[in-house]
Amino acid sequence: MAIDTSKVATSNSSAATPAKPGRAGAVATWADERLGLAGMAKKNLRKVFPDHWSFMLGEIALWSFVVLLLSGVFLTLWFTPSMSEIHYEGSYDQMRGIAMSEAMASTLGISFDVRGGLLMRQMHHWAAMLFIASMMIHLLRVFFTGAHRKPRELNWVIGSLLLLLGTLEGFTGYSLPDDLLSGTGVRAADGFMKSIPVVGSYMSFFLFGGEFPGDSIIPRLYIIHVLLIPGLLLALIAAHMLLLVYHKHTQWPGPGRTEENVVGFPMLPVYAAKAGGFFFIVFGVTALMGGLMQINPIWLYGPYDPSKVTAGSQPDWYMGWPDGALRIMPGWETHLFGNFTIAWNVFLPIIVLPGLMFTILMLLPFLEAWITGDKREHHLLQRPRNAPTRTALMVALMTFYGLLWMAGGNDIIAIKLNSSINTITYMLRFLVFVGPIIAFVITRRWCISLQRHDNEKLLHGYETGIIMRSPEGGYSEKHLPINPSAAYVLSARERDEVYTVEQETDENGIPAPASRAKALRAKLSTLWFADNVQAPTAAEIEAAHHHADHEHELQAALDGHAADGHQFDGHHSVEGDPLRGSDQH
Amino acid sequence: MSGHSDNLPVADDGNPGLPEHTWRPTDVDPKAEKRAERQVAALFGLSAVCAVLFVVAYFSLQVGDNHDTVLGLGASNVALGSALGGALLFIGIGIIQWARKLMADHEISELRHPAASSDEDRAATVAALQAGLEESGIGRRPLVRNSMLGAIGLLGAPVVVLLRDLGPTNAQVADAATGQGLEHTVWKQGVRIVRDVVGTPIRPSDIEIGDLFNAEPATIFETDEDGEPLIEGVPLQVAKSKGAVVLIRMDPADNTPGRGRKNWSVDGILCYSKICTHVGCPISLNERKTHHLLCPCHQSTFDLADAGRVIFGPAARALPQLPIAVDSEGYLVAQSDFTEPVGPSYWERDY
């Protein structure tokens, strides 16, 4: 593909002329003779990556993971993962002489006696927040635009696992300092484990090396945090990236962008520069946050003591939603045969619910594909409005998540709004069921309205804001066609195809009864697409334009006078158009 | 028309094809180009300045005592963070400015290929796989196959068994005498109820009506003749995690003692476990007028005037009550250990 670079920043022109084989060439030859990299590099150095701001969200997650690795390695140089009790003798006055674990003391040491230590601690914690937040928003972007469809379902599953592991990594990480807040979290985690029927107390005793709190939990969480989960994360991130490269990135439909191609900037130099530059930006923002925004000031909480707690104890925000479920769960407990206890009040919200939610999350692409019966590959993204049921489904899930997250802060809300915590809790018990349904219905209808609006623009043009009076005295607003490129983007979407049960006939021509699953599928598929507005056909657009031309004739008297100011609305080219009253006219 | 869109078929579905590329000011105006070049270099220069500032701040600003000067974060932390942030951000912004203004901005197009392999590849793979399986004879020798699968499956046993020594079980540690295990605490007959932190014993007259004391068993403050604590480290933490209690005094007329608990209080002073029966947080928020105790973790609320009954929140069981009395010296003591396990529920809990 020949590219016209004749004018590209002439200072670059040396790049276009092949350089004489120099030292770099010699190194490349040496390496290629051993690794044979050229075969792979020739395909990938100019690999095309489409550009859109929303494609950057996953990049934030990737780069914040790199920041986590770098800052984490720094922290391990000073952190002592031990619960041995010592008396703190560091720089922080208020705690000098107090008995605490070595983990807590070394965390104080990193904060007050290592230059840049507090910065790295805070950067590490902020990067963890960014990591999980960007994964969540990236997940939403992927789902809302339909990028989870074939062939990318497995990458969706990998991404979901990354979110799950990232959350666990966060929990094990903030538990390590062994301060009062994190110790309270570990104490609650002990209660969670004990609620698991049959094996609960065994799991707790094995994990804690005996009765809570024991002296094993910090070293064990440490090795899980610095080796086990990061190893898994690294492997899954590699798989995620490899699949991304193999599938090639999705792109938005537009002029020249089809299901068969991928249009964008080549990896080298533009994409590499933008992505590489973005790494420095994520890293830099994290450094500023670490330097200017306090996070997890463990010296204010003090060392863990199982008989103490502070009001407003809360986990990090990403653990907030199961914690909220725990808070609004009624206190149900069953006693079996007078000998055994099932603590539903803990087991359901904190063990079953997160497991269930993650299972639903991972199954979403398969569920959708089964309902729609769509087996085609999809590389063009969809606007959320063009898949109303899918969009509404995710908004319903988000509402469920959001309400539980709110419940996780019910005490804070009660204090800030000066309202009753009981009322808030009872309301949320009701809202977590009703809220998602309301959100689903509203979102779905909203999407369908937006689809109608798009069709209006395609068929009748955009509203110019010019009110015309007909000779009969009627008023109407003048519509003008949108530009062809924008029109193409609006019309370039597939028509929904409802799954229907095929009439299978046996050799005698007698129709076989549809299986129950197929009938259900057909029914769900009908519901899935119900009321969706399809993009107008070419004939419909043609007819509408014909109608518009006719109207245009009626208004012809006004045309040619040009430049009433409304041309300059950004919808079409105004080059050479004179302004009314200007001399050129 | 430049060549970049030659490879883009104008689709017959009305796709107008890639719009024509337009040159940027930096491509056609040497002044703009030079300006962009200077901007990028200046950004990299700023980054270098920040890197130097970082080193200067590292050596000139102390950490330690003055940890909360400047924004409450410490001068060193703020300076190091800002300098590092600047050094990194300016490189990032510089590179992106370079990419946007000076690097070629032609979009190019690549054809996609289906994710699936070709039919020939599939057929060849299946053939190779079949040949391999055939040559191994795994299908013809079920004895070999099944015994191998069995042996490999049994390897799971060593793996599981190896993890057994992660910790003792509840049954193994249970010991009423030392208060070990989920069913026992260090409380026993005659153990004094002492103030937490300081460990001083409490007389009934020390507590006013409406007061709530955080208390501990005297056991955890005991020392030997040299003044060394008898319980420290892990056993101390375990003892505290189950033994922490609250003492509350109310008008005896307000209290409705639980069945068989008439003699568990002293002059309206009641003693309850401080460990929430939900997931084990220490409870401490007392509503003085209502005798309600609220757990700050998940807001379970217990009515201390009604045998610790749950009146709100996710907890399922009442707070365990410790029967108390007064010893010969007039201090509050326990009549016995708790009569039920304290803390969160678990499967084997039989009442």
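The structure presented is a predicted model; accordingly, all values stated were derived computationally and were not measured. Lettering of chains follows the sequences in order, A, B, ..., and the numbering in each one begins at 1.
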request  = Examine whether an atom of Arg220(A) lies under 4.5 Å from a heavy atom of chain B, and if so say whether it belongs to the side chain, the backbone or both; otherwise answer neither.
outcome  = side chain
ask   = Which region of Pro114(B), side chain (C-beta onward) or backbone (N, CA, C, O), has a non-hydrogen atom less than 4.5 Å from a non-hydrogen atom of chain A, or is it both or neither?
value = both
remark   = Applying a strict 4.5 Å limit to non-hydrogen atoms, the region of Gln122(A) in contact with chain B is side chain
query = By a 4.5 Å heavy-atom criterion (distance strictly below it), what part of Arg121(A) contacts chain B: side chain, backbone, both, or neither?
reply = neither
request  = Let me know if Ala188(A) has heavy atoms under 4.5 Å from chain B in its side chain, its backbone, both or neither.
outcome  = both
query = By a 4.5 Å heavy-atom criterion (distance strictly below it), what part of Leu336(A) contacts chain B: side chain, backbone, both, or neither?
reply = side chain
remark   = Taken in chain and number order and not counting sequence neighbours, the residues that satisfy side chain to side chain contact (heavy atoms under 4.5 Å, CB included) with Arg376(A) are Asp374(A), His378(A), Glu494(A), Glu497(A)
remark   = Okay, Tyr271(A) and chain B: the region with an atom under 4.5 Å from a heavy atom over there is neither
inquiry  = More than 12 heavy atoms of other residues, nucleotides or ligands under 6.0 Å from CH2 of Trp23(B): yes or no?
reply    = yes
Interchain contact, Pro266(A) with chain B, by part (heavy-atom threshold 4.5 Å) = both
request  = Identify which part of Phe59(B) has an atom lying under 4.5 Å from any heavy atom of chain A, answering side chain, backbone, both or neither.
outcome  = both
Largest heavy-atom contact set with chain B, pairs under 4.5 Å, which of Glu259(A), Lys248(A), Met293(A) = Lys248(A)
